[in-house]
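Below: the structure, in structure tokens.
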Amino acid sequence: MAYEGLSLLEFQRRYNSQEACLQAIAEARWPRGFICPHCQHNDGYRLSKRRAIQCTLCRRQTSITAGTLFHKSKTPLISWFWLIFLMSQDKGGISTKRAAALLDLHYSTAWFMMHKLREAIAVRQNGHLLSGLVEIDEAHLGGKAKGKRAGGTNKKQVCVVVERLNRQAGDAVLIVLPDRSGEALKRAVASVLEPMTHIRTDGLPKNSVLHGLAAKLNMDTIGKNYDEQGALENVDRVISLLRRFLMGTYHQYCSRAHLQRFLNEFAFRFNRRYKWSELFDRTLSAAALCPPVQYAAIS
């Protein structure tokens, strides 16, 4: 599928009706043309009075939105498209309260829709592996606790893995760790790295568990005078941007139950930061190819 840039005025002109949105979903779901899910025949025609395409061979009708993120949604597709645009066109995203106000939606409706889109983004990123030289560090997210150190038990621990491309950052993956053990860190890192990857991390003894995963493991000891020009400058930059995203947009560190979805949203935009104009089409494609998400799976 060829992605193209989309300005605000062009977006308004192109997706100004339910029919235009349906056509866009169909094109994102079947970028090479309709394929019947029942008989695999590659030809069909749109039924003018229904949200369906009928196969010319078996005559079975396939709903355009069935089996997608928009399945059985009572919210108009135009509102869905505006929400995708708002979430994808700003580096900081948009808060649920702000999106609900702009789109005239109930807060809980906007909340559910945004989490469904984050689930689609997660499905889109599954299997994305980093390679070459990567930097790894951990971020502790959460408010201050009296009598607790920075990495106290009230914090949420996140493994941050960032590719290093001639001192510039490549793609990033962020994973919430279930506990503070070295084994949890090892499993998280192993799930996102290709074989023969070189790893740079700090000198904490805990990180020695990564020896078996890396073609080469460089554990640099980082002192108090460490700055952003040091060995982990890219991963530190990503962690700094992540904190600004959470605090700047949501004014809080998100709950453990939903934090991974917010990390996926952040990484999805960060990894496509040089292709901002394509983010709407990419997010729409993720939604069109994502199976339906139930409320119970999110709440």
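A donor and an acceptor atom, one from each side chain of Gln23 and Glu19, are nowhere located under 3.5 Å apart. Under 3.5 Å, the side chains of Gln61 and Arg50 contain a donor-acceptor pair of N or O atoms.
Ion pairing between Glu265 and Arg261 fails under the 4.0 Å rule for side-chain N and carboxylate O.
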Check your understanding: What's the verdict on side-chain contact (heavy atoms from CB on, under 4.5 Å) for Gln260 and Ile175, showing C-alpha distance, side-chain angles and the deciding distance?
Key -> CA-CA 7 Å; Gln260 186 61 61; Ile175 305 171; 4.2 Å; yes
**Study point:** Evaluation steps, salt bridge (Lys or Arg N to Asp or Glu O under 4.0 Å), between Lys186 and Glu183
**Key:** CA-CA 5 Å; Lys186 184 177 181 179; Glu183 190 59 34; 5.2 Å; no
Exercise for review: Please lay out, stage by stage, how Phe245 and Tyr250 fare under the test ring pair (Phe, Tyr, Trp, His ring centres under 6.0 Å).
Suggested key: CA-CA 8 Å; Phe245 162 62; Tyr250 302 103; 5.7 Å; yes
Exercise for review: Tell me, with the steps shown, if Asn207 and Leu217 meet side-chain contact (heavy atoms from CB on, under 4.5 Å).
Suggested key: CA-CA 9 Å; Asn207 293 326; Leu217 176 62; 5.8 Å; no
**Study point:** Steps toward side-chain contact (heavy atoms from CB on, under 4.5 Å) verdict (Cys21, Ile78)
**Key:** CA-CA 7 Å; Cys21 296; Ile78 294 178; 4.1 Å; yes
Exercise for review: Check step by step if side-chain contact (heavy atoms from CB on, under 4.5 Å) holds for Arg282 and Ser285.
Suggested key: CA-CA 5 Å; Arg282 290 178 180 272; Ser285 178; 5.6 Å; no
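The side-chain heavy atoms of Met113 and Thr75, taken from C-beta on, include a pair separated by under 4.5 Å. Counting heavy atoms from C-beta on, the side chains of Arg29 and Phe34 never come closer than 4.5 Å. Between Leu141 and Lys155, every side-chain heavy-atom pair lies at or beyond the 4.5 Å cut-off. Side-chain contact between Pro292 and Gln294: present, with at least one pair of heavy atoms (C-beta onward) separated by less than 4.5 Å. Side-chain atoms of Ile53 and Tyr45, non-hydrogen and from C-beta on, never get closer than 4.5 Å to each other. Looking at heavy atoms from C-beta onward, Leu259 lies in side-chain contact with Val158 at the 4.5 angstrom threshold. Using a 4.5 Å cut-off on side-chain heavy atoms (C-beta onward), Arg46 and Ile64 make contact. With a 4.5 Å cut-off on side-chain heavy atoms, Ile199 and Met219 do not count as touching.
Rounded to the nearest 0.5 Å, atoms OG (Ser7) and CZ (Arg13) are 9.0 Å apart. Here the straight-line distance linking atom OG of Ser277 with atom CD of Gln89 works out to 8.0 Å at 0.5 Å rounding. Expressed to the nearest 0.5 Å, how far OG1 of Thr62 lies from CG of Leu47 amounts to 10.0 Å. Between the CG atom of Leu103 and the OG1 atom of Thr109 there is a distance of 11.0 Å, given to the nearest 0.5 Å. A distance of 12.5 Å separates CG in Leu213 from CE in Met196, rounded to the nearest 0.5 Å. Here the CD1 atom belonging to Ile25 is positioned 4.5 Å from the CZ atom belonging to Phe70, to the nearest 0.5 angstrom.
Judged by distance alone, with hydrogens and angles left aside, the side-chain atoms of Arg269 form a donor-acceptor pair with the main-chain N or O of Met87 at under 3.5 Å. Formation of a donor-acceptor pair under 3.5 Å by the Asp137 side chain with backbone atoms of Asp236 is not found in this model. With hydrogens and angles disregarded, no donor-acceptor distance shorter than 3.5 Å links the side chain of Glu233 to the backbone of Gln168. The backbone N or O of Asp171 sits less than 3.5 Å from a side-chain atom of Glu163, completing a donor-acceptor pair. For Thr201 (side chain) and Ile136 (main-chain N/O), a donor-acceptor pair under 3.5 Å exists by modelled atom type. Thr249 contributes no side-chain N or O that, together with a main-chain N or O of Leu246, makes up a donor-acceptor pair within less than 3.5 Å. With Arg118 contributing its side chain and Asn264 its backbone, the two residues share no donor-acceptor pair below 3.5 Å. Checked by atom type and distance alone, the side chain of Thr197 never pairs as donor or acceptor with a backbone atom of Leu193 at under 3.5 Å. Arg273 contributes a side-chain N or O that, together with a main-chain N or O of Phe270, makes up a donor-acceptor pair within less than 3.5 Å.
Of all the heavy atoms in Lys116 and Leu69, the pair that sits closest is NZ-O, 3.2 Å. Listed here is the closest heavy atom pair of Thr56 and Gly44: CG2-CA, 3.9 Å. In plain terms, the two heavy atoms of Ala286 and Ala120 that are nearest each other are O-CB, 3.7 Å. Scanning all heavy atoms of the two residues, the minimum distance from Gly170 to Leu165 falls at CA-CD1, 3.7 Å.
Side-chain heavy atoms closer than 4.5 Å link hydrophobic residues (I, L, V, M, F, W, Y) into clusters, and following such links, even through other members, never connects Leu289 to Leu279. No continuous path of ILVMFWY side-chain contacts below 4.5 Å connects Leu204 to Leu232, so the two sit in separate hydrophobic clusters. By the rule that hydrophobic residues join a cluster once side-chain heavy atoms approach within less than 4.5 Å of another member, Leu130 and Leu133 end up as members of separate clusters. A continuous path of hydrophobic side-chain contacts links Leu22 to Leu117 [ILVMFWY only; heavy atoms under 4.5 Å]. One hydrophobic cluster, built from ILVMFWY side chains closer than 4.5 Å, holds both Phe112 and Leu102.
Just one of Val161, Val162, Leu263 meets the side-chain contact (heavy atoms from CB on, under 4.5 Å) condition when paired with Leu174; it is Leu263. Here the options are Arg164, Arg200, Arg237, the test is salt bridge (Lys or Arg N to Asp or Glu O under 4.0 Å), and the partner is Glu135; only Arg164 passes. Tested against Tyr15, the residues Phe81, Trp80, Phe85 include a single ring-ring contact (aromatic ring centres under 6.0 Å, His included) partner, Phe81.
For Phe262 and His115, the distance between ring centers is under 6.0 angstrom.
Within a 6.0 Å sphere centred on NZ of Lys206, heavy atoms belonging to other residues, nucleotides or ligands number more than 12. Summarising the local packing, CG of Asp179 is surrounded by more than 12 heavy atoms from other residues, nucleotides or ligands at distances under 6.0 Å.
The cationic group of Arg272 lies under 6.0 Å from the six-membered ring centre of Phe268 and within 45° of the ring axis, placing it in a cation-pi geometry.
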